[in-house]
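Contents: one structure, followed by commentary.
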Amino acid sequence: EEGMPRPGMIPIGFSSPHRVEGNRLRIAAFVSPQTVTAVVSPHEVLCRPFVARTPCLKALADIAAVARSMALEMGVWGSAALEIYTGLPYTDERSDLDLLIDVTSIEVMRRFGDWVSETGRRWNCKVDVEMTLPSGYGVKLAELLMSTDSVLAKGLQDVVLLPKQEILSLMAEVQ
């Protein structure tokens, strides 16, 4: 929901599985922590079985298998996660794929990034991979692999520019 965070409240939202004129109905709200009965992480969603019925979910099946073979901790969010968790048809031929990956070495990230790019082309699906930093910020893998000195890092409360060398040093510790 737009505006200031509400102290003591948790932001939640609803998104319709159906599009109207190309857009989904989305409703944002806040609830008290006592009303939350369960929290499911993007990593936990990916542990659920799903039917690869659209290009986005076919790409997810391929990428998830490679991530497992590379011992990467990966999660899924966005329309693919909503479809996997609810069983409702949130993805279609135009859906992109949003993935989270935990910090790993830069060499592994480069190989994984190449595989993701190729899989996206094969299934004609845009794939966005975000690496989650221990600070809670997330950085786009594609941006991290570019020739830049800094990267945009998104957090729950703000967006900041981080020196790329800082992130690469963190990744070097994982090796």
Side-chain angles (χ1 to χ4, degrees), residues 5 10-13 15 36 38-86 90-91 94-175:
I10 297 172
I12 64 163
S15 177
V36 176
V39 176
V40 180
S41 75
H43 294 79
E44 293 170 317
V45 170
L46 195 52
C47 294
R48 298 175 68 96
F50 64 93
V51 175
R53 63 174 197 83
T54 61
C56 157
L57 294 172
K58 290 173 183 176
L60 176 59
D62 289 353
I63 294 168
V66 167
R68 280 190 299 276
S69 75
M70 297 174 81
L72 295 175
E73 294 294 323
M74 190 176 83
V76 60
W77 57 357
S79 59
L82 286 168
E83 181 159 331
I84 292 168
Y85 193 78
T86 66
Y90 275 92
T91 65
R94 300 173 297 160
S95 297
D96 65 350
L97 178 57
D98 300 302
L99 302 173
L100 287 176
I101 200 90
D102 289 356
V103 174
T104 189
S105 72
I106 189 67
E107 293 80 19
V108 170
M109 278 298 193
R110 284 187 204 286
R111 285 194 335 259
F112 183 70
D114 289 345
W115 175 260
V116 166
S117 295
E118 155 139 359
T119 304
R121 282 189 298 275
R122 183 176 342 116
W123 292 112
N124 194 29
C125 173
K126 181 179 176 235
V127 183
D128 291 319
V129 180
E130 188 171 290
M131 186 174 72
T132 306
L133 302 175
S135 63
Y137 285 101
V139 296
K140 294 234 180 240
L141 178 59
E143 189 175 344
L144 186 63
L145 298 176
M146 290 178 179
S147 298
T148 59
D149 293 332
S150 59
V151 292
L152 195 64
K154 296 186 296 182
L156 290 176
Q157 304 298 325
D158 61 352
V159 176
V160 297
L161 275 177
L162 293 179
K164 185 183 285 185
Q165 191 54 49
E166 192 177 299
I167 298 169
L168 294 175
S169 296
L170 176 67
M171 295 171 81
E173 294 172 13
V174 175
Q175 297 179 21

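Keep in mind it's a predicted model, so treat the numbers as computed, not measured.
Residue S105 holds its OG atom at 6.5 Å from CE of M171, rounded to the nearest 0.5 Å. The structure places CE of M74 at 5.0 Å from CG of L99, a figure rounded to the nearest 0.5 Å. Atom NE2 of H43 is separated from atom SG of C47 by 9.0 Å, given to the nearest 0.5 angstrom. With rounding to the nearest 0.5 Å, the separation of CG in L170 from OG1 in T104 is 10.5 Å.
Side-chain contact between V129 and I63 is absent, with no heavy-atom pair separated by less than 4.5 Å. Taking 4.5 Å as the limit, some side-chain heavy atom of V103 sits within range of a side-chain heavy atom of L133. Side-chain contact between L141 and M131 is absent, with no heavy atoms from C-beta onward closer than 4.5 Å. When side chains are defined from C-beta on, R121 counts as touching S117, because their heavy atoms get closer than 4.5 Å. The side-chain heavy atoms of L60 and V127, taken from C-beta on, include no pair separated by under 4.5 Å. You'll find the side chain of S15 reaches within 4.5 Å of the side chain of Y90, heavy atoms only. Residues R111 and D114 have side chains not in contact (no heavy-atom distance under 4.5 Å, counting atoms from C-beta outward). With contacts defined as side-chain heavy-atom distances shorter than 4.5 Å, the pair I101/M109 qualifies.
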Requested in this report: Verify side-chain hydrogen bond (donor to acceptor under 3.5 Å, both in side chains) between W115 and T119, making sure each step is shown before the conclusion.
Outcome: CA-CA 6 Å; W115 175 260; T119 304; 3.3 Å; yes
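The list of salt bridge (Lys or Arg N to Asp or Glu O under 4.0 Å) pairs with a residue in residues 52-62, not counting sequence neighbours, reads R53-E83, D62-R122. Listed by first and then second residue, the salt bridge (Lys or Arg N to Asp or Glu O under 4.0 Å) pairs involving residues 136-158 are E130-K154 (not counting sequence neighbours). Residue pairs meeting the side-chain hydrogen bond (donor to acceptor under 3.5 Å, both in side chains) criterion with at least one partner in residues 67-78, sequence neighbours excluded, are absent.
Partners of D128 according to the side chain to side chain donor-acceptor pair (under 3.5 Å) rule, which considers only residues two or more places apart in sequence or in another chain, are K126. For T54, the side-chain contact (heavy atoms from CB on, under 4.5 Å) partners are C56, L57, T91, not counting sequence neighbours. With sequence neighbours excluded, no residue forms a side chain to side chain donor-acceptor pair (under 3.5 Å) with T132.
Closest approach of W123 to A59, counting heavy atoms only: CD1-CA, 3.5 Å.
Of the possible polar contacts, one joining the E44 side chain to the S41 backbone as a donor-acceptor pair under 3.5 Å is found.
For CG of N124, the number of neighbouring non-hydrogen atoms (other residues, nucleotides, ligands) closer than 6.0 Å is 12 at most.
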